[in-house]
Amino acid sequence: MTEIIESIKKIALEISEAIKTKDTGKMDTQNACGDVQVKLDVISDEIVEKYLLATSSVKEIMSEEKEAPVKKNEGKYLVAYDPLDGSSLIDVDLSVGSIFGIYENGYNGEDIKAAAYVVYGPRVEMVVARDVVELFRLNEKTKEFEFVKEIKLDKKGKILGPGGTQKYWYPYHKEMIDSLFKEGYRLRYSGGMVPDLHQILLKSGGLFAYPGTEDKPKGKLRKLFEVFPFAFVYKKAGGFGVDGYNDLLTLKAEHYHDTTPCFFGSEYEINRVLETYKGR
Ligand code: P6P
């Protein structure tokens, strides 16, 4: 596992350099999820593949950008990753990220054994979740990731990231979001899952919601590459990740690019979600 984390540090260094120097333009292609690709999506995916396939403990890699996994004849772990999540935000200079789920024997929620993500923002930061959740920050001079602190969520927070197209929210979901704002929650939503969830972790609490909607009943965010890794991080940080009804890590992936409604946050906010969705 340590070997994979060390490879992710090298990946993060190379992607952060690419973001600063490479063309942020769009391709005329779509990825396996149907998202329009930017050139940096392809470049980042190539960087991840290079390092993970050279990591002996990695048996298979599955990219959000691809239809199928790349398999090896050695190794123990399966790594599902989103090489550059929120890449469409790069050309407006907002923070983006890379997300890694480290699995064993399969890609269901129960199979995830560790998770990591990288935020490419004013600073490059990396969070690694194994038994605990650790924050690292890139020292731009030494090019080393330095340990900063362990991340723990409080039982309640103050910020709220309400994703999804509001026009298509179910009425009971809208009522819940409105009631939280009436309680004084502050709107914190950039459209980048990685910085949005990183902010709630570093502010020690709150709620991020990407619900099922009338136009997308199964939500938008992908189980293997986005949802299960962050559900693992939040759980290890003392928070919760649910689909409105159940712990996200009890879910199965019906196919590589399966999606689910998802809510990540502290105890108070997640209890509100479960109360709202109960019986719906
Ligand atoms: P919307 C980025 O495209 C992404 O996959 C996540 O990073 C982000 O949380 C979500 O989509 C934003 O979606 O519908 O608000 O643009």
Side-chain angles (χ1 to χ4, degrees), residues 1 4 31-35 48 52 57-72 75-83 85 97-117 127-131 133 163-164 170 173 193-194 197 207-265 267 269-271 273-280:
M1 190 73 78
I4 296 174
N31 67 13
C33 300
D35 302 327
V48 176
L52 289 187
S57 56
V58 171
K59 178 182 179 182
E60 176 177 306
I61 63 173
M62 178 65 217
S63 170
E64 185 186 90
E65 300 296 324
K66 299 262 181 38
E67 290 286 351
V70 177
K71 299 175 189 286
K72 293 167 59 187
K76 176 180 179 185
Y77 297 107
L78 295 70
V79 182
Y81 63 91
D82 184 350
D85 183 81
S98 303
I99 313 168
F100 302 85
I102 301 167
Y103 298 80
E104 218 175 317
N105 304 318
Y107 291 112
N108 291 320
E110 65 193 5
D111 298 321
I112 193 165
K113 304 302 175 198
Y117 67 84
V127 168
V128 179
R130 285 174 281 199
D131 295 329
V133 180
Y170 297 124
H173 179 81
M193 179 183 199
V194 175
L197 285 167
L207 177 65
F208 173 94
Y210 207 103
T213 51
E214 287 165 16
D215 65 328
K216 292 181 183 168
K218 288 197 71 180
K220 171 183 182 183
L221 302 180
R222 292 87 178 186
K223 290 179 179 175
L224 272 60
F225 317 105
E226 297 163 327
V227 175
F228 290 160
F230 270 107
F232 187 89
V233 171
Y234 268 67
K235 175 173 272 188
K236 291 296 182 182
F240 302 86
V242 298
D243 64 354
Y245 312 94
N246 300 299
D247 177 343
L248 288 164
L249 295 183
T250 64
L251 302 183
K252 305 239 185 270
E254 290 165 23
H255 55 81
Y256 289 127
H257 296 281
D258 199 6
T259 63
T260 176
C262 53
F263 304 83
F264 303 93
E267 185 176 354
E269 293 86 352
I270 293 296
N271 282 340
V273 171
L274 295 172
E275 286 157 16
T276 300
Y277 278 74
K278 192 173 181 182
R280 301 280 185 186

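Only heavy atoms go into these numbers, but all of them, side chains included; no hydrogens, no water, no symmetry mates. On a predicted model such as this, the values are computed, not experimentally measured, just so you know.
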With under 30° as parallel and over 60° as perpendicular, where do the rings of H173 and F263 fit, or are they tilted in between?
-> tilted

Is the F230 ring parallel, tilted or perpendicular to the F264 ring (thresholds 30°, 60°)?
-> perpendicular

Salt bridge flag under 4.0 Å for residues [X] and [Y]:
{"X": "R222", "Y": "E64", "result": "yes"}
{"X": "E104", "Y": "K113", "result": "no"}
{"X": "D258", "Y": "K252", "result": "no"}

Is a donor on one side and an acceptor on the other found under 3.5 Å between the side chain of Y234 and the backbone of L197?
-> yes

How far apart are the C-alpha atoms of E254 and K218, what are their side-chain angles, what is the distance that settles it, and do they pass the salt bridge (Lys or Arg N to Asp or Glu O under 4.0 Å) test?
-> CA-CA 12 Å; E254 290 165 23; K218 288 197 71 180; 3.7 Å; yes

CG/D215: more than 12 non-hydrogen atoms of other groups inside 6.0 Å = yes

May I have the step-by-step check of side-chain contact (heavy atoms from CB on, under 4.5 Å) for E60 and V70, ending in yes or no?
-> CA-CA 6 Å; E60 176 177 306; V70 177; over 6 Å; no

Are any non-hydrogen side-chain atoms of K235 and D247 less than 4.5 angstrom apart?
-> yes

Only counting residues at least two apart or in another chain, list the ones meeting ring-ring contact (aromatic ring centres under 6.0 Å, His included) with F100.
-> none

Heavy-atom pair with the smallest gap, counting every atom of [X] and [Y]:
{"X": "V48", "Y": "P83", "answer": "CG2-CB, 4.1 Å"}
{"X": "E67", "Y": "Y256", "answer": "O-CD1, 3.7 Å"}
{"X": "I99", "Y": "P229", "answer": "CG2-CB, 3.7 Å"}
{"X": "Y107", "Y": "A253", "answer": "O-CB, 3.8 Å"}
{"X": "L52", "Y": "V58", "answer": "O-CB, 3.6 Å"}

Taking atom types as modelled, is there a side-chain donor on Y81 or E65 under 3.5 Å from an acceptor on the other?
-> no

